[in-house]
Trainee: 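Before anything else, here's the structure in question.
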Amino acid sequence: MPELPEVETTRRGLAPHIEGSKVKKIVVRQGSLRWPVPSDLANKLEGRVIQSIQRRGKYLLVKNTQGTLIGHLGMSGSMRICSENSEIKKHDHVDIVMANGN
């Protein structure tokens, strides 16, 4: 399981790419994770602006104009910035496509 320094490194790496950006589209490839991905996630996030990404313990909190998306890296998970047309990998479960194409 990622330790606090890895979660903080992930937060710091994501922040400059997503803070202030608008969510264009949500793609859920695997909805049954540790907690099920809400079926209305796209309705709640698409068109919203990401205000900040924060860390609380090992959770990443993505604050937006609708509320807060809570994420956890699990045992060996990752969150990364890719272009919209990047190759899909085996464990890519949820894509948050930003208006800037990332």
Trainee: Rounded to the nearest 0.5 Å, how far does CG of N102 lie from OG of S83?
Mentor: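 Spacing of OG (S83) from CG (N102) equals 7.5 Å.
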Trainee: For the atom pair CZ (R80) and NE2 (H17), what is the distance rounded to the nearest 0.5 Å?
Mentor: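 The CZ atom of R80 sits 13.5 Å away from the NE2 atom of H17.
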Trainee: Working to the nearest 0.5 Å, report the span between CG of N43 and CD1 of I26.
Mentor: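 If we round to the nearest 0.5 Å, N43:CG and I26:CD1 are 10.5 Å apart.
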Trainee: I want to check something: taking the side chain as every heavy atom from C-beta on, are L61 and I70 in contact at a cut-off of under 4.5 Å?
Mentor: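 Contact flag for L61/I70 side chains = yes.
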Trainee: With sequence neighbours excluded, what pairs up with R11 under the salt bridge (Lys or Arg N to Asp or Glu O under 4.0 Å) test?
Mentor: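 R11 satisfies salt bridge (Lys or Arg N to Asp or Glu O under 4.0 Å) with E8 only.
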Trainee: Does the side chain of L73 reach to within under 4.5 Å of the side chain of M79, using non-hydrogen atoms?
Mentor: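 Side chain of L73 against side chain of M79, heavy atoms only: contact under 4.5 Å found.
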Trainee: Taking the side chain as C-beta and beyond, is there a heavy-atom pair between R55 and L4 under 4.5 Å?
Mentor: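 Counting from C-beta outward, R55 and L4 do come under 4.5 Å.
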Trainee: Mind running side chain to side chain contact (heavy atoms under 4.5 Å, CB included) on V23 and N64 for me, showing each step along the way?
Mentor: CA-CA 10 Å; V23 177; N64 62 78; over 6 Å; no
Trainee: When clusters are formed by joining ILVMFWY residues with side-chain heavy atoms under 4.5 Å apart, either directly or through shared neighbours, do V49 and M98 land in the same one?
Mentor: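 No: no chain of side-chain contacts under 4.5 Å links V49 to M98.
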Trainee: Would you name the heavy atoms of K58 and H72 that are closest together and state the gap between them?
Mentor: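 Where K58 meets H72 most closely, the heavy atoms are O-CD2, 3.6 Å.
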Trainee: Is there a chain of hydrophobic side chains (I, L, V, M, F, W, Y, each step under 4.5 Å between heavy atoms) that links I81 to I53?
Mentor: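 They do share one cluster, since a chain of ILVMFWY contacts under 4.5 Å joins I81 to I53.
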Trainee: When you measure from the side chain of D95 to the backbone N and O of V97, does any donor-acceptor pair fall under 3.5 Å?
Mentor: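 A pair under 3.5 Å: no.
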Trainee: Decide side chain to side chain contact (heavy atoms under 4.5 Å, CB included) for L41 and L69; before the verdict, give the C-alpha distance in whole Å, the side-chain angles of both, and the deciding distance to 0.1 Å.
Mentor: CA-CA 9 Å; L41 182 65; L69 174 70; 4.0 Å; yes
Trainee: Is there a path from V28 to I18 through hydrophobic residues (I, L, V, M, F, W, Y) whose side chains come within less than 4.5 Å of each other?
Mentor: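 Yes, V28 connects to I18 through the hydrophobic network.
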Trainee: Applying salt bridge (Lys or Arg N to Asp or Glu O under 4.0 Å), name anything that partners K63, two or more places apart in sequence or on another chain.
Mentor: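 Scan of K63 (salt bridge (Lys or Arg N to Asp or Glu O under 4.0 Å), adjacent residues dropped) gives none.
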